[in-house]
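Here is the structure we will look at.
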Amino acid sequence: MAEALYSATSTAWGGREGRAASSDGRIDVPLSMPAGLGGDDGPGTNPEQLFATGYAACFHSALKSAARAEKVDISDSAVSVTISLVGSRETGLDLAARIEAQIGGVDTATAQHLLQLAHGKCPYSRATRGNISQEVLLLGSESN
């Protein structure tokens, strides 16, 4: 295995109806089972929300890096990631990712190019490529 540039460790207790915390104490959250999975939809978060949050932050960082390399200003941008559980309990559940980017002030072709570059360099995209369904969409771009 390659030498780690950075590592993060979190521990969960009680599965989807427990608690999760990072080893450095920066994250300490209750977990609740969503109603869609048969839970009580309590006040806690869930693994899919945590994964979506991390993926969105990582992808946006990759997008900003790609824009810097291409000398494009994307200061008016945002990335949302939706993580879904797909399949069935009988056949098995899988994850699917929908990545939506808004990039203001950039023409559609440039924005699409930046998204492709970001999808190629984002560690979350790279780790899940070929393992889960991934959809990358550009929202509300200006046309040229």
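Values reported hereafter were calculated over all heavy atoms of this structure, with side chains retained and with hydrogens, waters and symmetry mates removed.
- Without hydrogens or angle criteria, R89 side chain to L37 main chain gives a donor-acceptor distance under 3.5 Å.
- The backbone N or O of L138 lies less than 3.5 Å from no partner atom in the side chain of Q102, so there is not a single donor-acceptor pair.
- In plain terms, the two heavy atoms of G87 and L93 that are nearest each other are C-CD2, 4.0 Å.
- In terms of modelled atom types and a separation under 3.5 Å, the side chain of S22 and the main chain of I27 share a donor-acceptor contact.
- For the pair S88 (side chain) and T91 (backbone), a donor-acceptor distance under 3.5 Å is present.
- Counting heavy atoms of neighbouring residues, nucleotides and ligands inside a 6.0 Å radius, atom CZ of R126 does not exceed 12 of them.
- The closest side-chain heavy-atom distance from L31 to W13 is not below 4.5 Å.
- S133 contributes no side-chain N or O that, together with a main-chain N or O of A96, makes up a donor-acceptor pair within less than 3.5 Å.
- The minimum heavy-atom distance linking L117 with A66 is given by the pair CB-CB, 3.8 Å.
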Derivation and outcome, side chain to side chain contact (heavy atoms under 4.5 Å, CB included), residues H119 and I99:
CA-CA 9 Å; H119 195 46; I99 303 156; 4.2 Å; yes
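- Contact check on E70 versus R68 returns no salt bridge, with no Lys/Arg side-chain nitrogen under 4.0 Å from an Asp/Glu carboxylate oxygen.
- T110 places no side-chain N or O within 3.5 Å of a backbone atom of V106 that could act as its donor or acceptor partner.
- Taking the ring-ring contact (aromatic ring centres under 6.0 Å, His included) definition, one finds that Y55 meets it with F51, Y124, sequence neighbours left out.
- Expressed to the nearest 0.5 Å, how far OG of S75 lies from CD1 of I103 amounts to 11.5 Å.
- The minimum heavy-atom distance linking S32 with N46 is given by the pair O-CB, 3.7 Å.
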